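To keep things clear, I will list the structure first and then write my remarks on it.
As the structure is a prediction and not an experimental result, all values here were calculated from the model.
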Amino acid sequence: MHIGILQLNSTIGDFTANRQKLVAGYEKACALGAEFILAPELFLCGYPPRDLLLRADFIEANLVALNETAKQIGAVPLCIGYVDRNSEKPGRALRNSAAVLQNGKIIWRTHKSLLPTYDVFDEDRYFEPAKKVEPFEFNGRKLGITVCEDIWNDEDFWPDRLYRRDPIKELVSQGAEMILNISASPWHDGKDRTRLEMLRRVARDEKIPLVQVNLVGANDELIFDGHSVVLNARGELLALGKGFAEEILVVDFGKNSPVQKNEFPLREQQIFSALSLGLRDYVHKCGFKSVILGLSGGIDSALVAVLAADALGADKVFGVAMPARYSSEGSLTDAEALAKNLGIRYEVFPIEPVFQSVEKQLEKAFANFKPNEAEENVQSRLRGVTLMALSNKFGALVLTTGNKSEMAVGYCTLYGDMNGALAPIADVLKTDIYKIARWVNREREIIPQNSISKPPSAELRPGQKDQDSLPPYETLDAILDLYVVKNQGKEEIISGGFDAAVVNDVINKINFSEYKRRQAAPALKISSRAFGMGRRIPIAQRFRASK
């Protein structure tokens with residue numbers, strides 16, 4: 001049997017474009033000899049549609065798109081994800097569903113059984129789960145068609161299971177001879193490997209061939225990596241879709257189908273590819289064509305510029321240097337060198353004259369106070385004003401350049417360096433920024449070596465260095481990983497060998513900075529727990545971990 005896989009990128013709510021892309025992919029897979037074709041979860045409406053699902057007109061447009069797609073499907077069946085209405089009461093109004101289309105009609109439907117409601121997922125808010133599953137019969141074979149999470153509950157793989165049911169075992173017990181899974185499984189660092197190993201375990205344990213098609217592309221914070229998977233009944237890999245790119249595959253399940261090795265690129269390359277895809281899709285799907293960002297000569301803004309040039313093309317990136325009295329000469333030379341290496345537009349707009357005007361304006365009010373963060377933040381906010389003015393004039397989207405380490409402890413300025421529509425690296429720890437920068441420079445120097453080697457600084461006061469107020473980034477990032485990502489408590493972190501005073505200080509900074517993060521630009525998610533929709537902490541709260 002030849003299975004076609006449409007690993008494609010959809011846009012939320014763009015039913016016409018999604019349908020056209022789907023049909024074009026279907027026709028190509030047919031031409032390559034596919035006998036049964038799979039497309040991703042909720043592909044027609046885009047994933048995740050979130051509260052658009054509460055709009056009756058959105059649901060109707062999705063159903064119209066399904067019917068229009070069916071009219072263009074011939075003898076080779078297509079299985080596609082869409083939103084269905086739920087007629088059973090009581091229950092939620094909708095279902096996350098899959099339909100099989102053939103010869104101009106919808107010939108079969110099934111619904112998702114396991115609804116993820118954790119991390120970035122909130123499907124229980126909208127959908128009613130299926131109470132039972134059954135195989136679909138095609139050409140004398142029983143196919144077990146499942147939707148994403150339905151395959152993520154293997155009792156031998158997960159030490160702690162979230163659901164009582166296992167739809168895969170239910171389908172196998174009913175004679176399913178092959179498992180087909182349509183997915184929109186978002187990526188984070190390491191998830192592609194985990195997903196593959198989990199699917200291999202399912203195929204091997206159930207002794208059944210398995211095919212998973214996964215969405216590719218990005219919608220808001222979420223990045224979908226593709227990496228669609230085809231396995232034989234021994235759990236051996238027959239095909240692995242490209243990472244972070246669209247691809248149409250047709251795989252033969254014959255007895256002599258060759259086994260492949262599962263080789264993933266370096267971690268730094270994976271993260272870079274994910275961020276580049278996320279940036280490109282965010283800009284284009286929001287209707288922009290170009291971006292603008294501040295270039296400080298530091299490593300963070302340098303990496304964002306490299307990502308933007310990779311995602312959009314150098315001609316779509318505008319780098320702006322905005323020196324003031326504390327800016328080092330190296331800041332300008334490093335920023336200019338980066339711009340030349342990338343071939344992006346670069347201009348210098350000094351903020352010092354405007355800074356002096358603001359100082360004059362506030363002179364009387366500040367007369368009896370020593371200079372502090374107030375004066376420092378004025379500089380950052382003037383840079384934000386400059387970038388937003390250029391954005392408004394030229395229609396370019398502003399990118400922020402802060403990393404996860406800074407966002408965690410509030411080492412950023414509201415309405416200053418936090419100004420922007422997208423935060424490409426706000427889920428990347430500072431120590432990983434350095435690793436990715438070195439990977440960028442693996443063949444030639446793109447990011448100036450001085451940007452990598454010099455001590456990081458916001459340059460808002462004389463001789464300022466990040467480590468004046470923060471622990472070394474290696475220590476800070478290790479604590480952040482334990483507290484934010486792994487959700488460990490203060491005592492547990494201290495017992496791991498970290499200094500108690502440092503841990504207390506870092507955790508206090510994290511807790512105090514929640515109000516800043518709530519006002520931050522959306523951050524592309526590349527870790528298993530990112531700030532934003534995956535970590536929902538109240539701002540006005542007084543819980544503090546025991547000392």
Any luck finding a side-chain donor-acceptor pair between [X] and [Y] under 3.5 Å?
X	Y	result
Tyr282	Glu221	no
Gln7	Asn214	no
Asn18	Ser10	no

Using modelled atom types and a 3.5 Å cut-off, is there a donor and acceptor pairing between side-chain atoms of [X] and backbone atoms of [Y]?
X	Y	value
Asn232	Gly235	yes
Asn403	Ser405	yes
Arg95	Val83	no

Original post:
Residues two or more places apart in sequence or in another chain: which of them pass side chain to side chain donor-acceptor pair (under 3.5 Å) with Asp124?
Top reply: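 Expected list: Arg92.
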Please collect all side chain to side chain donor-acceptor pair (under 3.5 Å) contacts where either partner lies in [range], sequence neighbours excluded, each pair once.
range	answer
residues 268-278	Asp192-Gln270, Ser276-Asp310
residues 420-429	Lys404-Asp427, Asp427-Ser527
residues 20-36	His2-Glu35, Lys21-Glu246

With [X], which residues qualify under ring pair (Phe, Tyr, Trp, His ring centres under 6.0 Å), at least two apart?
X	result
Phe288	none
Tyr434	none
Tyr126	none
Phe43	none

**OP:** Mind jotting down which residue pairs meet the ring pair (Phe, Tyr, Trp, His ring centres under 6.0 Å) criterion with at least one end in residues 203-223? Sequence neighbours excluded, please.
**Re:**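 Those involving residues 203-223 do not exist here.
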Subject >> Validation row, ring centre Trp187 to ring centre Phe224 under 6.0 Å >> reply: no
Original post:
Ring centres of His227 and Phe264 under 6.0 Å apart?
Top reply: yes
Original post:
Who passes side-chain contact (heavy atoms from CB on, under 4.5 Å) against Arg529, sequence neighbours left out?
Top reply: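 Applying side-chain contact (heavy atoms from CB on, under 4.5 Å) to Arg529 gives Val485, Asn487, Arg535.
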**OP:** For Ala302, check side-chain contact (heavy atoms from CB on, under 4.5 Å) against everything at least two apart and list the hits.
**Re:** Leu338, Ile447
**OP:** Verify ring pair (Phe, Tyr, Trp, His ring centres under 6.0 Å) between Phe15 and Phe58, making sure each step is shown before the conclusion.
**Re:** CA-CA 10 Å; Phe15 294 102; Phe58 183 84; 5.3 Å; yes
State, with a plain yes or no, whether a side-chain heavy atom of [X] is found less than 4.5 Å away from one of [Y].
X	Y	result
Val202	Phe157	no
Lys285	Arg280	no
Leu429	Glu406	no

Original post:
Looking only at heavy atoms, which two atoms of Ile446 and Asn441 are closest? And how far apart?
Top reply: N-OD1, 2.9 Å
Original post:
Is the charged tip of Arg442 near the ring of Trp439: under 6.0 Å from the six-membered ring centre and within 45° of its axis?
Top reply: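 That pair qualifies as a cation-pi contact.
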Original post:
Relative to Trp152, does Lys112 satisfy both conditions: NZ or CZ under 6.0 angstrom from the six-membered ring centre, and within 45 degrees of the ring's axis?
Top reply: no
When the side chains of residues 417-424 are checked against the rest of the protein, which donor-acceptor pairs come out under 3.5 Å, sequence neighbours left out?
{"residue": "Asp417", "atom": "OD1", "partner": "Ser380", "partner atom": "OG", "Å": "3.4"}
{"residue": "Asp417", "atom": "OD1", "partner": "Thr413", "partner atom": "N", "Å": "2.6"}
{"residue": "Asn419", "atom": "ND2", "partner": "Gly384", "partner atom": "O", "Å": "3.4"}

